[in-house]
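The next block holds one structure in the form of structure tokens; read it before the comments.
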Amino acid sequence: MQKTFTYPKFEFVRPPELVEGRVGHYPVVVVGAGPVGLATAIDLAQQGQQVLLLDNDDTVSLGSRGVCYAKHTLEVLDRMGCGDKFVRKGVSWDVGRTFLRESEVFNFNLRPEEHHHRPGMINLQQYYLEQYLVERTDELPGLEKRFKSNVISAVPSDDKVTVQVDTPEGPYSLTTDWLVVADGARSPIRTMLGLDIEGKVFMDRFLIADVVMKADFPAERWFWFDPPFHPNQSVLLHKQADNVWRIDFQLGWNADPVEEKKPEKVIPRIKAMLGDEREFELEWVSIYTFQCRRMNSFNHGRVLFVGDSAHQVSPFGARGANSGIQDADNLAWKLKLVMDGKAPATLLDSYTEERSYAADENIMNSTRSTDFITPKSNTSRMFRNAVLELAAQHPFARSLVNSGRLSVPTWLAESSLNTPDVDDFAGNMIPGAPMADAPLQTDKGEGWLLSEMGNRFQALHYVEDASLLDANTAQSMAELALSTVAVEPMVVARQGVAPAGLKTLIDSKGCIAQRYDMKPGTTYLSRPDQHVAARWRALDTSKLNAAVARATCNG
Ligand SMILES: O=C(O)CCc1cccc(O)c1
């Protein structure tokens, strides 16, 4: 199996610890070169941080566990300098359809409005995601990768973490100021540290069949309840790159995972679905069960947990890898400020605060979908079936159909890092919101708001005509860039070029003003991870500086 992808092999290179027989010290070590570890290492290295990335394997993910990458994840990957590659190779889609038997009962569109750069979702095999992220790491000086390097012990103390690494040429030790753990759902490091992860296991089994076939089905998510080709169970279909199609068959808890993986069991299931005439080849087959659970805290002194090591959900809604990449997005800028001495270590508590809030939202959505797909009792099954029967005719029932609510970024509305609104605003770009994209023009031509945002604090100040910005305002904006935690000032305008060399973003289609409810004088403060931190109807740099202090725990 696996005919469409050639696995890269990453060589083991003897590290200086083994060559020179010494204990190396590193400012930050990331363990695990899956999507989340790679993203964290990239984000830190992009900010000029020296990073060591350790992985126990020498290639990318065997088979494709993750499939769907959401619009927001693509925007994060854009900020990490590699979004285009994913969108070029991936299959973009916006529409999902849910069927009961052979009839469509419900559909959704992930991109209900125009003028966004990225699609609602792309589907791309996890091995491509990892390969492209590895390629991005190759472009970043200061990011060292070590493959075939298995962490066998991690001992934290007040001022460092001591790590033992096993390799094909023997073990060695190193120390690090910060250890970022991205070693997956079973997280050996979590176990080594005796830390718990709590939640529930779902009593169901699913078969993943990735098949290669030429099919002209649309690039949409199709989900069936009780289809004639797989009665009383559910089936999910997604198109991936290279004409690979992901089919998930619900099997029930009593299915034998060894038997069900055999081609002689899998192929008839696929033929029942696609018909005898359609030619296909099996690419990858796997059986999975899942859990919804999370750690109580994601930061433990100098050890920080990201992705599946910290929290897990069912695949329905594609909230696993997408939320893991948002962990990286949330953690990297905070850790960098702490490492640079520009923020206290308490800023890392806000990583747990914000990302455990997100994990709870993901677990809640994932649990609801799973309960709908796998009802726990006869009563729940009767209710579920009644909802499905009613949904085709009655809109009220449609909203109760739940085959997975697809990943969207978390609105960090409750975060202690936000400065609450004191002025009136319409719309949803509230403090804590992930910033909405919008088309614009710069002196380089047409572009997108989010391409101008991120990796630093920024202040967006709106005027009608940038050339009429008064000298005092321009001067106070320019001074924002000189603070310890620098804020890049930018002017958003319908026309004109701002004085004093301030960057001007032309809101060519009026979408920025509309999406952010901007009026002349409106000022937004955004965080390095493209979340809104604060906003006012007029620029007051003392309020803005206080909001930066609050967003960095310097207040
Ligand atoms: O469409 C969905 O809800 C998720 C699709 C998915 C994600 C990860 C694995 C998998 O087999 C299916």
Side-chain angles (χ1 to χ4, degrees), residues 34-36 61-73 86 90-99 106-110 119-130 184-185 202 204-211 217-225 230 233-241 244-251 255 257 260-261 266 269-270 273 282-292 307-308 311-325 361-374 401-408:
V36 181
S61 156
L62 285 179
S64 172
R65 280 152 224 287
V67 180
C68 307
Y69 300 97
K71 177 175 185 286
H72 184 68
T73 300
F86 296 96
V91 174
S92 297
W93 65 275
D94 293 309
V95 172
R97 298 185 193 281
T98 300
F99 303 89
F106 168 71
N107 64 57
F108 61 81
N109 188 334
L110 295 173
M121 242 347 132
I122 65 160
N123 291 348
L124 185 65
Q125 293 90 316
Q126 186 168 331
Y127 36 79
Y128 279 116
L129 182 81
E130 291 183 14
F202 286 86
D204 206 343
R205 292 185 205 280
F206 289 78
L207 163 72
I208 290 181
D210 276 355
V211 303
F217 311 135
E220 295 178 346
R221 174 191 194 260
W222 285 1
F223 191 103
W224 289 265
F225 289 98
H230 193 58
Q233 303 282 30
S234 65
V235 176
L236 173 63
L237 178 71
H238 273 291
K239 183 178 188 184
Q240 305 177 78
V244 174
W245 294 76
R246 160 69 47 97
I247 313 174
D248 283 90
F249 291 98
Q250 185 180 21
L251 297 179
E260 291 293 346
K261 261 178 86 165
V266 177
R269 291 196 189 284
I270 300 171
M273 177 176 179
L282 289 182
E283 172 82 352
W284 184 64
V285 172
S286 172
I287 305 280
Y288 65 86
T289 55
F290 46 76
Q291 314 197 14
C292 285
D308 282 355
H311 47 78
Q312 294 143 38
V313 287
S314 81
F316 303 105
R319 289 167 179 266
N322 285 293
S323 67
I325 287 176
E361 184 175 276
N362 288 320
I363 288 172
M364 180 192 76
N365 276 292
S366 172
T367 302
R368 285 183 182 165
S369 313
T370 310
D371 286 345
F372 195 83
I373 294 165
T374 307
V401 174
N402 192 343
S403 71
R405 302 272 189 261
L406 282 135
S407 171
V408 285

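First listed ligand is number 1; within each ligand, the first listed atom is number 1.
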Under 3.5 Å: N/O of Phe316 near N/O of ligand 1
no

Per-atom contacts of ligand 1 with Ile208, taking only distances under 4.0 Å to non-hydrogen atoms
11 (O)

Here's a test for you: under side-chain contact (heavy atoms from CB on, under 4.5 Å), which of Asp248, Ile373, Leu237, Val401 qualifies with Phe223?
Ile373

Among all protein heavy atoms, pick the one closest to atom 9 (C) of ligand 1 and tell me residue, atom and distance.
Arg65 O, 3.3 Å

Please write down residue, atom name and distance for the protein heavy atom closest to atom 12 (C) of ligand 1.
Asp248 OD1, 3.4 Å

Arg405, CZ atom: more than 12 neighbouring heavy atoms under 6.0 Å:
yes

min-distance protein heavy atom vs atom 10 (C) of ligand 1 -> Arg246 NH1, 3.2 Å

Return the closest protein heavy atom for atom 4 (C) of ligand 1 as residue, atom name and distance.
Pro315 O, 3.2 Å

So that I know where these two stand, are Phe225 and Phe106 an aromatic pair - ring centroids less than 6.0 Å apart?
no

Phe290 and Phe202 aromatic ring geometry - parallel, tilted or perpendicular at 30°/60° bounds:
tilted

Determine whether the aromatic ring centres of residues Trp222 and His238 are separated by less than 6.0 angstrom.
no

Regarding ligand 1, does Ser403 bring an N or O atom to under 3.5 Å of one of the ligand's N or O atoms?
no

